[in-house]
Structures are given as C-alpha cells and as structure tokens.
Amino acid sequence: MQLLEERIRRDGIVREGGILKVDRFLNHQMDIGLFEEMGKEFARLFAGCKVNKILTIEASGIGIACIAAQQFGCPVVFAKKSKTKNIAGGVYTARVESFTHGNVNDVIVSRDFLGSGDRVLIIDDFLANGAALSGLIELVRQAGATLVGAGIAIEKAFQPGGDRIRAQGVRVESLARIQSMSVENGVVFC
Ligand code: 5GP
C-alpha cells in the first residue's frame, strides 16, 4: 500500500537491532486518517469472506483493528496479556514471546467472545518472527472458529514469521512488506 510505504519512508525511524519505530503515526501517536485508508484496504482484500469478528492483541493492534472493524461492521476482540500465572477458567490461552520487549506473555481471550460460529480476521501492526500471530491463530483454533486470514500493517519480510505462517496455509496480507532495513540506508520495500 503506497500511502503506508510513503509514510514509513517519511516518518519511520530504523533503530539498531532491527526495530522500526513508527511512533509518529502508528503505535504511539496514531494517524486515524491513515488507519481509515488501511481499514478500507483490508476490507477490499477480505471482501466476501464474511468476517464477523476481528481479533487482535493488546496494545498496539487495537487502534488499527477498531478502525478496520468499522469497514467490516463487526466487533473487535483483543487478546489480553495476562499477568497472573494461574489463569482462571473460561478463557482460551496461548503463550507469546514479545520481539520488542524480550519477554513471554500468556495471552487470553474469554470464551464468551470467540466461538465455533465465528469467521475471524486477525489484525496486527507488525509481523516479524510471527510469535504474536501464531498465538492469535492458536486462540482461534481453540475456539473452533474459522480463520479467514490475517491483515498486517507492516511485515518485516526479512524475518521468518510471514513465510512460516503462510506455509501453514494461512492467508496473510501485509500492507507494507519490508525487504531490508538499516540505520544507514533506511527501509527497502519488497
Ligand atoms: P512477532 O511476534 O511477529 O515477532 O512480532 C510482532 C509484534 O512485535 C508486534 O505486535 C509488534 O508489537 C512488535 N514488533 C515486532 N517488530 C517490531 C518493530 O520493528 N517495531 C515495532 N514498533 N514493533 C515491532
């Protein structure tokens, strides 16, 4: 998506260690006009898929998911990063290792909000090693819901998550795919 690529070129900051900061428009300050265009693009890509629920993970997926959900006319459920070791019943749970924070979280979704009748589109801000997306896919599987696919804002295609998850037969659509990036040369798109 050209609009998003241009914005990453203009306002994204590449940090050492393979981190792209997009705090100016995506996951600290949020450009809602841009989110609306991204939501329309997700709606175009997944048109006819009968999505009735969007699933994301806190925190930075929530804003994008909510604006996208307006296009689909469906609710958003976000997986919560549980702080308790003993998780109460009534939830689906998966382990997710955070690329940016270097820790592991148990993420949970209440059984009340995801079930076998649901056709789920997963939305997230980044796809890197695929840990977050794999965790969300696991929650959909536990619920017995149908996974329509995953809509990602920025895929770091030089990390293995996207290839690995597509190889499992999951439809993954990324609005901007980064082939390589460095502090010296900035971002190169696929
Ligand atoms: P993965 O689980 O695929 O390795 O990483 C996905 C999650 O890590 C995303 O939800 C996002 O929050 C975070 N993430 C991964 N890479 C980056 C990055 O380069 N920049 C930022 N801001 N977040 C990232």
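Remember, it's 1-based here, ligands and their atoms both numbered in the order they're listed. Along the sequence shown, residues carry numbers from 1. The figures here come from the full heavy-atom set of this structure, side chains too, leaving out hydrogens, waters and symmetry mates.
Judged by the shortest distance from any of its heavy atoms, Asp125 lies inside the 4.0 Å radius around the atoms of ligand 1. Not a single heavy atom of Lys21 lies less than 4.0 angstrom from ligand 1.
Residue Ala132 approaches ligand 1 through these ligand atoms, each under 4.0 Å from one of its heavy atoms: 2 (O). For ligand 1 and Asn27, the ligand atoms under 4.0 Å from any heavy atom of the residue are 22 (N). Of all the atoms in ligand 1, the ones that sit under 4.0 Å from a non-hydrogen atom of Ala131 are 1 (P), 2 (O), 3 (O). Taking every heavy atom of Ile19 and a limit of under 4.0 angstrom, the matching atoms of ligand 1 come to 19 (O), 20 (N). In the vicinity of Gly18, heavy-atom distances shorter than 4.0 Å reach the ligand 1 atoms 19 (O). Within the listing of ligand 1, atoms 18 (C), 19 (O), 20 (N), 21 (C), 22 (N) sit less than 4.0 angstrom from a heavy atom of Leu20. Heavy-atom contacts of Gly130 reach the following atoms of ligand 1: 1 (P), 2 (O), 3 (O), 4 (O) (cutoff under 4.0 Å).
Here the side chains of Ser174 and Ile154 are not in contact, with every heavy-atom distance at 4.5 Å or above. Here the side chains of Tyr92 and Arg111 are in contact, with some heavy-atom distance below 4.5 Å.
The shortest N or O to N or O distance between Ala128 and ligand 1 is below 3.5 Å. Between Glu97 and ligand 1, no pair of N/O atoms sits closer than 3.5 Å. For ligand 1, the polar-atom distance check against Asn129 finds a nitrogen or oxygen pair separated by under 3.5 Å.
Heavy atoms of Ser60 found under 4.0 angstrom from ligand 1 belong exclusively to the side chain. Contacts with ligand 1 closer than 4.0 Å are made by no heavy atom of Asp23, backbone or side chain. Contacts between Asp124 and ligand 1, counted as non-hydrogen atom pairs separated by less than 4.0 Å, involve the side chain only. At a heavy-atom cutoff of 4.0 Å, ligand 1 is contacted by no atom of Gln159, backbone or side chain.
In this structure, Glu97 does not pair ionically with Arg95, as no charged nitrogen and carboxylate oxygen lie closer than 4.0 Å. Under the 4.0 Å criterion applied to side-chain N and carboxylate O atoms, Glu6 and Arg9 are not assigned as salt-bridge partners.
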query = Does the side-chain contact (heavy atoms from CB on, under 4.5 Å) test come out yes or no for Leu20 and Ile13, once each step is laid out?
reply = CA-CA 6 Å; Leu20 176 66; Ile13 299 166; 5.9 Å; no
inquiry  = For Glu155 and Arg166: C-alpha separation, side-chain torsions, deciding distance, then whether salt bridge (Lys or Arg N to Asp or Glu O under 4.0 Å) applies.
reply    = CA-CA 12 Å; Glu155 177 178 345; Arg166 288 187 184 94; 2.7 Å; yes
Verdict with supporting geometry, Val76 and Thr56, side-chain contact (heavy atoms from CB on, under 4.5 Å) = CA-CA 7 Å; Val76 174; Thr56 188; 4.1 Å; yes
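Heavy-atom contacts from other residues, nucleotides or ligands closer than 6.0 Å to CD of Gln2 number 12 or fewer. Counting heavy atoms of neighbouring residues, nucleotides and ligands inside a 6.0 Å radius, atom CZ of Arg24 does not exceed 12 of them.
Within the structure, side chain to side chain donor-acceptor pair (under 3.5 Å) contacts touching residues 116-125 (residues at least two apart or in different chains) are Asn27-Asp125, Asn52-Asp118, Lys53-Asp118, Ser60-Asp125.
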